[in-house]
Amino acid sequence: MSRVVGFIDLDAYYCACEVKQKPSLLAGKPLAVCMYETWKKSPDRSADMDRIVKSGGAGLIAVSYEARAMGVKRQMSANEARKACPELITVMVPTKNGKADLSLYKENGEKVVEILQEFAGIVEKRSVDEVALDVTDAAQKLLETTPKELVARQAVNVSHFADSEISLKASKISHEAARRGHEGQHEYTKNDDDEKNHLLKYSSFDYLLLAGAVVINNARKAVRERLGFSCSAGIAANKMIAKVGCGLHKPNQQTIVFPRSVAVLLKDLPLNRLPGLGGDLGNRISSQLNITTAGGLANISRSILLNAGFQDADNLLAAANGTLDEPVKNRANYKSFGSSKTFYKHPITNLTIADQWLSNFAQEIFDRIKNDRNQRNRAPTNVTISITTDKSHVTRTEKVHIGWSDSPQPIVRSAHRLLRRWAGTRTAHLDIVVLGLGVSNFIDLPANKASVMDLLTRNPLHQSKKPSSSAEIMQPSKKKRTIAELLYQQATTSTKKTTTVGKKDSSFFPSSNIDPEVFAQLPPEIKAELLDDRTRLLRQSAPSLGNSHLEQRQVKKKKKTATTTIDSFFAPRRPR
DNA sequence: TACGGTCACACT
DNA sequence: TAGTGTGAC
């Protein structure tokens with residue numbers, strides 16, 4: 001069953017966030033946001049401070065359309081950019097605790113998603129500035145209440161069409177040129193081509209797309225009016241084509257791709273503008289099969305693709321034909337949070353410094369967790385550190401119990417433990433060039449903080465088996481402790497006796513105040529987690545056998561055996 | 001001499 | 001599962 005998908009991309013988003021901070025200074029100006037100088041120690045600058053820098057600054061991470069028009073490119077450094085465009089205003093990214101602080105952009109991005117959720121049943125947050133919406137239902141409703149001719153007229157008034165001359169011209173230019181800006185990138189003005197299009201006969205699905213375009217336009221208008229952000233959009237029968245359509249006219253414009261226009265749109269579209277083919281895979285396809293466009297790929301037979309070693313031939317062809325139909329995911333928030341920093345010029349050499357940074361990261365991440373937890377009653381269960389040296393890039397993960405804990409300590413301790421797991425016996429010259437920390441694997445929490453603590457905490461005054469009222473359990477005989485604290489105590493006070501893990505539940509917490517009966521009733525995965533924590537903590541007190549030298553791997557250098565399939569966002573998971 | 005900091009996901 | 005690698009913004 002065909003869907004109506006809108007793909008929304010916020011225009012020069014980081015710049016727009018900065019304009020929102022200081023409109024009188026920045027609105028309408030050629031503007032770029034640059035990185036802080038990662039190698040220098042300088043005072044933090046919070047989001048609300050004046051962060052305009054007249055010299056210095058690292059690479060650009062966002063460029064306003066005004067600046068793009070004057071030749072400023074994203075891969076420039078701030079100094080290069082000012083040279084190319086003397087009137088350019090460069091704003092440095094906010095910093096906190098000695099690293100970039102992207103919360104200004106993240107928080108605004110979440111507000112955008114909240115607004116968009118009013119307009120679509122299914123909302124997929126794809127990045128800080130991109131959202132895909134399934135607006136099929138909303139479009140249908142609109143058609144039920146409004147004459148279709150009127151809907152079509154409204155849509156035509158605010159939309160481009162993918163098969164207009166100007167759209168097709170935009171489809172032919174390169175990936176990089178599309179970013180630089182082109183003729184199609186100006187505020188919408190009506191053109192005869194689109195009017196002509198309107199005179200064509202619409203199919204019933206065309207009307208649905210037109211209705212979707214009206215919905216998307218309303219959504220964009222709401223974002224602009226309430227938050228001040230302009231955005232561009234594509235409307236099509238699937239996510240991938242909606243994204244391609246979105247790129248045809250920017251900023252602050254939207255483009256409809258009718259099914260009949262898909263082939264002509266893709267015919268001369270550079271191959272690397274197909275999502276997922278912008279990197280190695282696209283390059284390999286291009287060079288091995290001697291093609292440069294999506295249309296060219298569409299003409300290659302499946303067997304030739306397979307013979308050339310592209311196992312994902314079916315999806316590649318579906319992408320090239322515009323029929324790849326990955327549904328819009330119902331996910332409006334992140335699946336993981338992370339924090340990282342490069343130390344290129346001054347690599348981290350010892351555990352103490354690394355510990356400090358990890359603690360910083362943990363605090364930042366924990367702030368996000370608390371916020372997220374209050375809104376969504378969920379918490380992560382995995383902690384991962386990521387370490388890059390000259391020679392290697394590795395990650396190390398372990399389980400963590402956070403729950404409703406009010407302290408970042410569980411994350412800090414995990415991070416420090418993982419660091420040592422990586423470092424092994426080596427204590428000097430760690431040479432860490434990039435250090436990162438992340439949390440993932442969110443689980444839903446019981447809505448009520450008290451209830452979980454009550455469940456897991458034995459209260460000697462109330463041993464009865466009948467379920468206690470919360471009023472009863474809310475009067476603890478002594479201060480309740482978190483699971484982490486209990487486990488920690490357990491581990492550190494326990495003798496080195498060997499325990500058969502997993503054999504008899506009730507013997508596991510002899511000196512803790514977790515009620516064994518309660519523990520026995522816990523879901524198996526929670527049990528396992530607690531037991532894992534415990535054994536790990538016990539193990540921690542034993543001398544660790546450094547094995548980092550065995551774990552080191554050569555940094556991958558442009559292996560041609562990359563197996564990545566076309567953009568995982570768009571490609572259906574292959575059956576296994 | 002240096003794409004910064006985060007994301008999601010496929011594969012094994 | 002934990003870990004590696006790619007791709008994208």
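Letters go in sequence order (proteins before strands), and every chain restarts at 1.
- The NZ atom of A/Lys341 sits 18 Å away from the P atom of B/dA2 (whole-angstrom rounding).
- With distances taken from any side-chain atom of A/Tyr334 to the nucleotides B/dT6, C/dG3, B/dC7, the minimum falls on B/dC7.
- Both A/Gly338 and A/Tyr14 lie close to DNA chain B; mapped to their nearest nucleotides by heavy-atom distance, the more 5′-ward contact belongs to A/Tyr14.
- To the nearest angstrom, C1' of B/dC7 lies 14 Å from CD of A/Glu364.
- Contact check, A/Thr395 against C/dT4: a side-chain N or O comes under 4.0 Å of OP1 or OP2.
- One interatomic measurement links the two molecules: CD1 of A/Ile385 to P of B/dT6, which rounds to 16 Å at whole-angstrom precision.
- With sequence neighbours excluded, the residues that form a side-chain contact (heavy atoms from CB on, under 4.5 Å) with A/Asn382 are A/Thr397, A/Lys399, A/Ser440, A/Asn441.
- In this structure, A/Arg368 forms a cation-pi arrangement with A/Tyr334, its terminal cationic atom sitting closer than 6.0 Å to the ring centre and no more than 45° off the ring axis.
- Taking every heavy atom of residues 102-110 of chain A and every atom of DNA chain B, pairs under 4.0 Å involve A/Leu102, A/Lys106, by number.
- The nucleotide whose nearest atom lies closest to any side-chain atom of A/Tyr344 is, among B/dG4, C/dG3, B/dT1, B/dT1.
- Considering only heavy atoms from C-beta on, A/Asp390 stays 4.5 Å or farther from A/Asp431 through its side chain.
- For the residue pair A/Ser77 and A/Asn79, no side-chain donor N or O sits within less than 3.5 Å of a side-chain acceptor on the partner.
- Residue A/Lys329 places its side chain closer to B/dC9 than to any other of B/dC7, C/dT4, B/dC9.
- Put simply, CG on A/Asn283 is 10 Å from P on C/dA8, counting in whole angstrom units.
- Here the shortest heavy-atom pairing between A/Pro270 and A/Lys172 reads CG-O, 3.7 Å.
- Of the P atoms belonging to B/dC9 and C/dT1, the separation is 15 Å, rounded to the nearest Å.
- Using a 4.5 Å heavy-atom cutoff, the side chains of A/Phe337 and A/Phe442 are in contact.
- Between A/Thr384 and C/dG3 there is no side-chain N or O to OP1 or OP2 distance below 4.0 Å.
- For A/Asn382, taking side-chain heavy atoms from C-beta onward, the closest of the listed nucleotides C/dT4, B/dG5, C/dA2 is C/dA2.
- Distances shorter than 4.0 Å separate none of the side-chain N or O atoms of A/Arg74 from OP1 or OP2 on C/dA8.
- Following rounding to the nearest Å, A/Glu80 (CD) and B/dC3 (C1') show an atom-to-atom distance of 13 Å.
- Remark: P of B/dG5 and NZ of A/Lys99 are 7 Å apart, rounded to the nearest angstrom.
- Of the side-chain N and O atoms in A/Lys335, one or more sit less than 4.0 angstrom from OP1 or OP2 of B/dC9.
- Interface residues of residues 33-40 of chain A facing DNA chain B, ordered by number: A/Met35, A/Tyr36, A/Thr38; criterion, heavy-atom separation under 4.0 Å.
- As judged by a 4.0 angstrom heavy-atom cut-off over every strand, A/Tyr13 is placed among residues making no nucleic acid contact.
- By the side-chain contact (heavy atoms from CB on, under 4.5 Å) test, A/Thr342 pairs with A/Thr38, A/Val434, sequence neighbours left out.
- If you check C/dG3, C/dC9, B/dG5 against the side chain of A/Glu130, the one that comes closest is C/dC9.
- Of the P atoms belonging to C/dC9 and B/dA2, the separation is 24 Å, rounded to the nearest Å.
- In terms of the salt bridge (charged side-chain N to carboxylate O under 4.0 Å, His left out) criterion, residue partners of A/Glu110 (sequence neighbours excluded) are, by chain and number, A/Arg376.
- Minimum atom distance to the side chain of A/Leu281 is reached by C/dG7, of the listed C/dG7, B/dG5, C/dG3.
- The side chain of A/Arg126 contributes no N or O atom lying less than 4.0 Å from OP1 or OP2 of C/dG7.
- Note: CH2 (A/Trp422) to P (C/dG3) measures 14 Å, nearest angstrom.
- When each of A/Val91, A/Val63, A/Val53 is paired with A/Cys34, the side chain to side chain contact (heavy atoms under 4.5 Å, CB included) condition holds for A/Val53 and for no other.
- Between A/Arg368 and B/dC7 there is a side-chain polar atom (N or O) within less than 4.0 angstrom of OP1 or OP2.
- We find that A/Lys250 and A/Asp11 are not joined by a salt bridge, their nearest charged nitrogen and carboxylate oxygen being 4.0 Å or further apart.
- When the nucleotides C/dC9, B/dG4, C/dT4 are ranked by their closest atom to the side chain of A/Asp129, C/dC9 comes out on top.
- Protein atom CG of A/Leu435 is 12 Å distant from nucleotide atom P of B/dT6, rounded to whole Å.
- For A/Asn360, the side-chain hydrogen bond (donor to acceptor under 3.5 Å, both in side chains) criterion is met by no residue, not counting sequence neighbours.
- Considering only side-chain N and O atoms, A/Thr397 lies nowhere under 4.0 angstrom from the phosphate OP1 or OP2 of C/dT1.
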